[in-house]
2 protein chains.
Amino acid sequence: MNKKQSLPWDHPRFRSWIAVARACQLMQQSLTRSLADLDIKPPHLDILVNLYRFEGISQQELARKLLVGRSNMSMLLPQMEKRQLIERRGDERDKRVLRLYLTGEGRKVTEAAMAIQTDLIERTLADEPIEQCMATATSMERIIATLLKDLRDDD
Amino acid sequence: MNKKQSLPWDHPRFRSWIAVARACQLMQQSLTRSLADLDIKPPHLDILVNLYRFEGISQQELARKLLVGRSNMSMLLPQMEKRQLIERRGDERDKRVLRLYLTGEGRKVTEAAMAIQTDLIERTLADEPIEQCMATATSMERIIATLLKDLRDDD
DNA sequence: ACAATAAAGTACAACGATGAACAAAAAGCA
DNA sequence: TGCTTTTTGTTCATCGTTGTACTTTATTGT
């Protein structure tokens with residue numbers, strides 16, 4: 001078979017995904033820069049946002065939502081607690097789990113950071129039609145479901 | 001102003017981008033697993049693919065394409081050279097630059113790895129219509145251009 | 001031609017993420 | 001009840017990435 005004909009770049013799905021990956025990489029770098037003013041990084045923002053939405057979540061649940069290991073949370077959370085952004089309180093029913101809460105300061109930082117992120121996204125995607133964005137969202141959520149399903153199947 | 005009304009998740013572009021980012025994260029993890037058989041990781045694949053397409057590229061140019069620092073290349077490339085995947089030869093015109101080439105073994109590994117990646121992507125995006133993929137590709141390439149332009153402007 | 005500036009690559013220290021081994025607590029089960 | 005298994009969180013060693021300082025080579029300007 002001819003090599004040229006089978007080059008991955010000729011496959012629409014492949015090309016499309018490579019573009020998605022590069023865009024993500026760039027957006028992440030840009031977000032990192034934008035968040036520097038608040039002295040936090042994207043992983044911190046991920047945590048803050050989840051505490052903002054799901055107050056009292058456990059470290060385990062948080063790690064699962066963020067698709068990272070538990071040890072990652074064990075490294076990041078104490079340092080965020082020292083910075084007074086979050087608070088960890090033991091669950092009385094189950095003494096193993098630590099439940100996580102935003103402090104007042106943490107809530108302020110979260111809102112500021114979300115504003116920065118929202119602004120960055122709105123600015124960068126300004127030229128994309130809303131319908132296209134919504135179609136992409138639907139598409140991506142389906143892909144996420146597929147990948148999560150594959151993950152569970154591998155256990 | 002009402003907090004509920006201004007939550008970022010209500011913005012279509014924001015929701016859409018969060019989905020993109022999560023999908024990327026999952027795809028990356030899945031790719032890492034799939035490449036384990038070949039004993040390489042996504043960064044190595046990125047390098048190999050670029051050498052496959054652009055033989056004789058310099059470390060600097062490669063770093064630029066991959067959106068990483070030069071020092072990153074200085075760490076990864078010697079180790080790939082020891083594994084006989086690539087070769088580094090000094091440019092005769094300019095003694096500062098090292099030009100990069102795939103070895104026969106490197107070419108074989110690259111083709112095997114690209115097959116794995118293509119298969120993963122085709123499988124995961126199987127349910128997405130081709131037109132949607134192409135629209136997403138166009139969209140993402142526009143976004144990449146925007147972000148790259150912002151990067152240069154910040155210098 | 002020569003000093004100053006820029007560019008390519010390297011070395012290194014600091015930071016983040018990961019997975020495995022571990023301790024404490026809860027749940028399941030005989 | 002008492003023993004085993006599971007779950008939650010931590011610790012630690014390892015690895016990858018980053019930014020900075022540094023060396024060597026080209027280029028620029030006078």
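Computation of the quantities below employed the complete heavy-atom set of this structure, encompassing side-chain atoms and omitting hydrogens, waters and symmetry-equivalent molecules. A, B, ... follow the sequence lines: proteins, then strands. Residue 1 opens every chain. Since this is a predicted model, take the numbers as computed values, not measurements.
A cation-pi arrangement is found for Arg53(A) relative to Trp9(B), the charged atom lying closer than 6.0 Å to the ring centre and inside a 45° cone about the ring normal.
Other residues sharing the hydrophobic cluster of Ile130(A), ordered by chain and number and joined by side-chain separations under 4.5 Å: Met134(A).
Applying the salt bridge (Lys or Arg N to Asp or Glu O under 4.0 Å) rule to pairs touching residues 65-76 of chain A yields nothing, sequence neighbours excluded.
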Where protein sits on nucleotides 9-23 of chain D, one letter per nucleotide: B base, S sugar-phosphate only, - none, heavy atoms under 4.0 Å: BBB-----BBB----

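Atom CD of Glu92(B) is separated from atom P of dT25(D) by 15 Å (rounded to the nearest Å). Rounding to whole angstrom units, CZ of residue Arg64(B) and P of dA7(C) are separated by 12 Å. The distance from atom NZ of Lys95(A) to atom P of dA27(C) is 12 Å, rounded to the nearest whole Å.
A salt bridge between Arg142(A) and Glu128(B) is present, with a side-chain N of the basic residue lying under 4.0 Å from a carboxylate O of the acidic one.
Side-chain contact check for Gln59(B) and Arg88(B): at least one donor-acceptor pair (N or O, by modelled atom type) lies under 3.5 Å.
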